[in-house]
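Report on the structure given below.
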Amino acid sequence: MTKQQLADTVIVFDFETTGLSPAQGDRAIEIGAVLIENGQIQDRFQALMNPGFAVSPFIADYTGINNQMLSTAEPCGDVMARFADFIAGHNLVAHNASFDWRFLEYELAAIGRVPSNAISCSMLISRRLLQHAPSHSLGSLVSYLNLPNDGVFHRALYDAEMTASLWLALLDELAQQFQVTEVDFALMQKIAKTPKAKLTKLLLNT
DNA sequence: TGCCAGGCCCTCTTTAGGGCCTT
């Protein structure tokens with residue numbers, strides 16, 4: 001197997017939240033992230049954070065994060081200040097990145113900070129490179145690609161680690177499907193935004 | 001178990017509608 005590595009380091013991150021939209025009052029309750037360098041995880045970040053109100057039974061069931069766990073967690077602002085330092089200067093990756101980016105912007109704005117990182121989406125890229133996958137949810141892709149996992153999903157660090165494995169698998173897919181051996185973050189962003197019909201032309205010209 | 005929102009993508013499209021993803 002060709003081992004394709006992205007020249008740039010990236011931080012893959014994932015939020016667990018109280019719901020789907022910060023515009024509707026939802027907040028982050030956990031952040032998990034891994035730093036990928038030279039094709040391997042070199043650093044990790046994980047923290048629960050107290051949103052200041054009770055999470056719904058649905059969210060407690062969905063994530064396994066309950067109000068008792070959050071009662072002793074740091075406030076969102078304290079965690080996010082440390083996380084902002086962790087991601088500073090790095091390119092970011094998330095699965096369905098538009099979701100996590102909205103919460104990142106919201107939680108950083110709450111402490112007077114603004115993210116300036118570039119970001120790319122593993123879901124948009126997998127839709128283009130893995131067109132035969134039955135679903136492009138993170139769990140389905142992990143199963144489809146037979147990526148090693150312990151069956152835990154919907155916790156931030158586990159999902160970040162699974163997304164990191166997916167990201168590395170997508171780099172392998174680029175090498176195997178298209179023989180693309182020079183991959184930088186800007187190309188991954190471009191793939192995410194390229195219509196499927198124009199993907200082959202983009203990659204053959206790379 | 002799934003609604004909320006937002007963005008992307010496809011098609012029986014573009015003067016629109018609905019499914020997929022994220023929690």
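Keep in mind that what you see is a predicted model, and the values were worked out from it rather than measured. Throughout, a chain's letter reflects where its sequence line sits, starting with A, and its residues are numbered from 1.
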request  = Could you check whether A/A60 gets within reach of a base, just the sugar-phosphate, or nothing at all, counting any heavy atom under 4.0 Å?
outcome  = nothing
ask   = Looking at side-chain heavy atoms only, is the closest gap between A/I87 and A/F45 below 4.5 Å?
value = no
Side chain proximity check, A/I65 to A/V55, heavy atoms < 4.5 angstrom = no
ask   = Below 4.0 angstrom, N of the basic side chain to O of the carboxylate: do A/R27 and A/E107 qualify?
value = yes
ask   = So, A/D85 and A/R113, do they make that salt bridge, N to O below 4.0 Å?
value = yes
Separation of the [atom1] atoms in [N] and [M], to the nearest angstrom:
{"N": "B/dC12", "M": "B/dG19", "atom1": "C1'", "value": "15 Å"}
{"N": "B/dG17", "M": "B/dT1", "atom1": "P", "value": "32 Å"}
{"N": "B/dC8", "M": "B/dT13", "atom1": "C1'", "value": "15 Å"}
{"N": "B/dT23", "M": "B/dC10", "atom1": "P", "value": "22 Å"}
{"N": "B/dC21", "M": "B/dC3", "atom1": "C1'", "value": "15 Å"}
{"N": "B/dG18", "M": "B/dT14", "atom1": "C1'", "value": "15 Å"}

Closest-nucleotide 5' rank along DNA chain B - winner of A/D61 and A/K193 = A/D61
task = For A/L130 and B/dC20, give me the distance from atom CG to atom C1', rounded to whole Å.
result = 16 Å
ask   = A/K198 has an atom NZ; how far is it from atom P of B/dC8, in whole Å?
value = 16 Å
Name every donor-acceptor pair, under 3.5 Å, that has one atom in a side chain of residues 188-199 of chain A and the other anywhere in the protein, sequence neighbours excluded.
residue, atom, partner, partner atom, Å
A/Q189, NE2, A/I119, O, 3.0
A/T194, OG1, A/K190, O, 2.6

All N/O pairs under 3.5 Å across the protein-nucleotides 21-23 of chain B interface:
residue, atom, partner, partner atom, Å
B/dC21, OP1, A/H136, N, 2.5
B/dC21, OP1, A/H136, ND1, 3.4
B/dC21, OP2, A/S135, OG, 3.1
B/dC21, O2, A/N96, ND2, 2.7
B/dT22, OP1, A/L138, N, 2.8
B/dT22, O4', A/N96, ND2, 2.9
B/dT23, OP1, A/D14, OD1, 3.4
B/dT23, OP2, A/Y62, OH, 3.4
B/dT23, O3', A/E16, OE1, 2.7
B/dT23, O3', A/T17, N, 3.0

message = Assess the residue pair A/T18 and A/D26 against the criterion (side-chain hydrogen bond (donor to acceptor under 3.5 Å, both in side chains)); give the C-alpha distance rounded to whole Å, side-chain angles, the decisive distance to 0.1 Å, and a yes or no.
response = CA-CA 5 Å; A/T18 64; A/D26 292 315; 3.1 Å; yes
inquiry  = Just N and O in the side chain of A/K196: are any of them under 4.0 Å from OP1 or OP2 of B/dC10?
reply    = yes
For residues 158-165 of chain A, which side-chain donor-acceptor pairs fall under 3.5 Å, sequence neighbours excluded?
residue, atom, partner, partner atom, Å
A/D159, OD1, A/H154, N, 3.1
A/D159, OD2, A/H154, N, 3.2
A/E161, OE2, A/R44, NE, 2.7
A/E161, OE2, A/R44, NH2, 3.3
A/T163, OG1, A/D159, O, 2.8
A/S165, OG, A/E161, O, 3.3

